[in-house]
Amino acid sequence: MATGTEPTDTESHSARGGVRTGTRAAIDAPHLRTDRWWLAPAVTAAGLLAFIVYSTWRAFADTDYYAAPYVSPFYSPCLAERCEPMRHGPNWEIFGSWWGISPAIIILIFPLGFRLTCYYYRKAYYRGFWASPPACAVAEPHKKYTGETRFPLILQNIHRYFFYAAIVVAGILTYDTVLSFRNERYEWGHMGLGTLVFLINIVLIWAYTISCHSCRHIVGGKLRHFSKHPVRYRMWQWVGKLNARHMQLAWASLVSVALADFYVYLVASGAFDDPRFF
């Protein structure tokens, strides 16, 4: 019985590839959506591009990243010999005088790798940049879909290892936040506006990091009986609640880390004086 969806020209329909093969309904329209489905991926792409432009500028600037007691999260830990000296700060001179470019390039690869392989960010840039697919019920323009089984997307499988690196980086940024309770003379017991900025940033960084799907699997994965592991089960529930807000935490932490860096830049460049609460 005819349904009105039989292909009138199977051979030409199959030649299109992708979702427009002879085994699919012969609908000539690219999609049947009438809403502004393109708005979400466009906003996502604009937001990610803005962060990429800003972070690239700051990473290669190689200046105005330390104003006692604050150090930019883009430059912490500072692993090159050419770093500005930070008293009791994260100065680890692993790379000697031969390292000639910005020390931020050494460390940024780890949080960047963690975010690039994050499940939410995959969805964000798959839709925003690669149109794979650009939105639900909108066919992707590619003739063939291989998913994450081939290079370069197969590298997404190393996400769990970047998670371990992200934990280390978050720990170092926590140490930087503790150091922010000093004044410019390194005296303890002081708090400035920068301290508050760092506190908000580190809370969001930790919330985003532990809401990761890999963290959820590490905490409660491979358990056959939750009743035999009540502590891990409770932790798994806590991580699961954060995981439900993973998208919001991803954006909030992305904005907060950029703002923390920008705040340090303003103070270090002399454009802004850090107000002191006590």
Side-chain angles (χ1 to χ4, degrees), residues 47-48 50-59 61-78 83-92 103-104 107-108 110-112 114-115 118 120 165-212 215 238-239 241-278:
L48 292 177
F51 180 80
I52 291 171
V53 171
Y54 173 78
S55 59
T56 300
W57 165 59
R58 286 294 294 142
D62 195 19
T63 186
D64 297 326
Y65 58 84
Y66 181 67
Y70 309 123
V71 56
S72 164
F74 290 177
Y75 287 81
S76 181
C78 214
C83 293
E84 293 188 23
M86 296 178 283
R87 185 174 177 182
H88 301 139
N91 275 105
W92 303 342
I107 192 63
L108 278 179
F110 298 106
L112 179 63
F114 177 59
R115 288 186 181 264
C118 161
Y120 167 69
I167 290 290
V168 175
V169 172
I172 294 171
L173 296 183
T174 303
Y175 176 70
D176 295 341
T177 303
V178 173
L179 294 182
S180 70
F181 283 91
R182 305 178 300 176
N183 61 16
E184 62 277 3
R185 296 184 297 276
Y186 306 102
E187 297 170 341
W188 287 96
H190 298 271
M191 180 178 181
L193 179 59
T195 309
L196 183 60
V197 171
F198 274 49
L199 279 171
I200 295 174
N201 177 58
I202 196 58
V203 168
L204 290 174
I205 289 292
W206 274 113
Y208 166 65
T209 303
I210 64 177
S211 70
C212 168
C215 180
W238 289 340
V239 174
K241 290 179 180 179
L242 283 175
N243 183 258
R245 300 288 184 267
H246 198 49
M247 179 185 74
Q248 293 88 339
L249 291 171
W251 281 107
S253 60
L254 193 72
V255 172
S256 72
V257 74
L259 287 178
D261 169 81
F262 188 63
Y263 188 88
V264 175
Y265 166 73
L266 291 177
V267 176
S269 63
F272 181 76
D273 292 328
D274 180 46
R276 292 289 171 170
F277 299 136
F278 56 82

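Small disclaimer: the values here were computed from a predicted structure and weren't measured.
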Inset, instruction - Can you sort out the partners of Tyr265 under side-chain hydrogen bond (donor to acceptor under 3.5 Å, both in side chains), two or more places apart, ordered by chain and number? - result: none
Under 3.5 Å, side-chain donor or acceptor atoms of residues 84-91 against the rest of the protein: list the pairs with distances, not counting sequence neighbours.
unit_1, atom_1, unit_2, atom_2, d
Asn91, OD1, Met86, N, 2.7
Asn91, ND2, Glu84, O, 3.2

Inset, instruction - To the nearest 0.5 angstrom, please state how far the CZ atom of Arg276 sits from the OG1 atom of Thr195. - result: 6.0 Å
Inset, instruction - Tell me, please, which residues at least two apart from Asn201 pass side-chain hydrogen bond (donor to acceptor under 3.5 Å, both in side chains). - result: Ser256
Legend entry - Leu173 vs Trp206, side chain to side chain contact (heavy atoms under 4.5 Å, CB included): CA-CA, chis, key distance, verdict: CA-CA 10 Å; Leu173 296 183; Trp206 274 113; over 6 Å; no
Legend entry - All side chain to side chain contact (heavy atoms under 4.5 Å, CB included) counterparts of Thr63, not counting sequence neighbours: Ala61
Legend entry - Beyond-backbone contact of Phe277 with Leu193, side-chain heavy atoms, under 4.5 angstrom: yes
Inset, instruction - Check side-chain hydrogen bond (donor to acceptor under 3.5 Å, both in side chains) between Arg115 and all other residues, then give those that pass, not counting sequence neighbours. - result: Tyr121, Ser253
Legend entry - Spacing of Ile172 atom CD1 and Ile167 atom CD1 [to the nearest 0.5 Å]: 12.0 Å
Inset, instruction - Report the residues that fulfil disulfide (SG to SG under 2.5 Å) with Cys78, sequence neighbours left out, ordered by chain and then residue number. - result: Cys83
Inset, instruction - State, yes or no, whether a side-chain contact exists between Tyr208 and Leu254 at a heavy-atom distance under 4.5 Å. - result: no
Inset, instruction - Find the distance between CD1 (Ile205) and CD1 (Ile210) and round it off to the nearest 0.5 Å. - result: 12.0 Å
Inset, instruction - Considering non-hydrogen atoms only, spot the tightest contact between Leu249 and Ser211 and give its length. - result: CD1-OG, 3.8 Å
Legend entry - Atom of Tyr54, atom of Ala258 and distance for their closest heavy-atom approach: OH-O, 3.5 Å
Inset, instruction - State, with a plain yes or no, whether a side-chain heavy atom of Cys215 is found less than 4.5 Å away from one of Thr209. - result: no
Inset, instruction - Report the residues that fulfil disulfide (SG to SG under 2.5 Å) with Cys212, sequence neighbours left out, ordered by chain and then residue number. - result: none
Legend entry - Listed partners of Arg245 passing salt bridge (charged side-chain N to carboxylate O under 4.0 Å, His left out), at least two apart: none
Inset, instruction - Quick one: list whatever passes side-chain hydrogen bond (donor to acceptor under 3.5 Å, both in side chains) with Ser180, sequence neighbours left out. - result: none
Inset, instruction - Please list all pairs passing the ring pair (Phe, Tyr, Trp, His ring centres under 6.0 Å) test where one or both residues lie in residues 170-201, with sequence neighbours left out. - result: Tyr70-Phe198
Inset, instruction - Evaluate the side-chain proximity of Ser76 to Ile107: yes if any heavy-atom separation is below 4.5 Å, no if none is. - result: no
Legend entry - Atom pair CG/CH2 of Asp261 and Trp57 - distance to nearest 0.5 Å: 7.5 Å
Legend entry - Test salt bridge (charged side-chain N to carboxylate O under 4.0 Å, His left out) applied to Asp62 - qualifying residues, sequence neighbours left out: Arg82
Inset, instruction - Return the set of residues passing side chain to side chain contact (heavy atoms under 4.5 Å, CB included) with Val267 (not counting sequence neighbours), or none when no residue passes. - result: Ala67, Tyr263, Phe272, Asp274
Inset, instruction - State, yes or no, whether a side-chain contact exists between Phe262 and Arg58 at a heavy-atom distance under 4.5 Å. - result: no
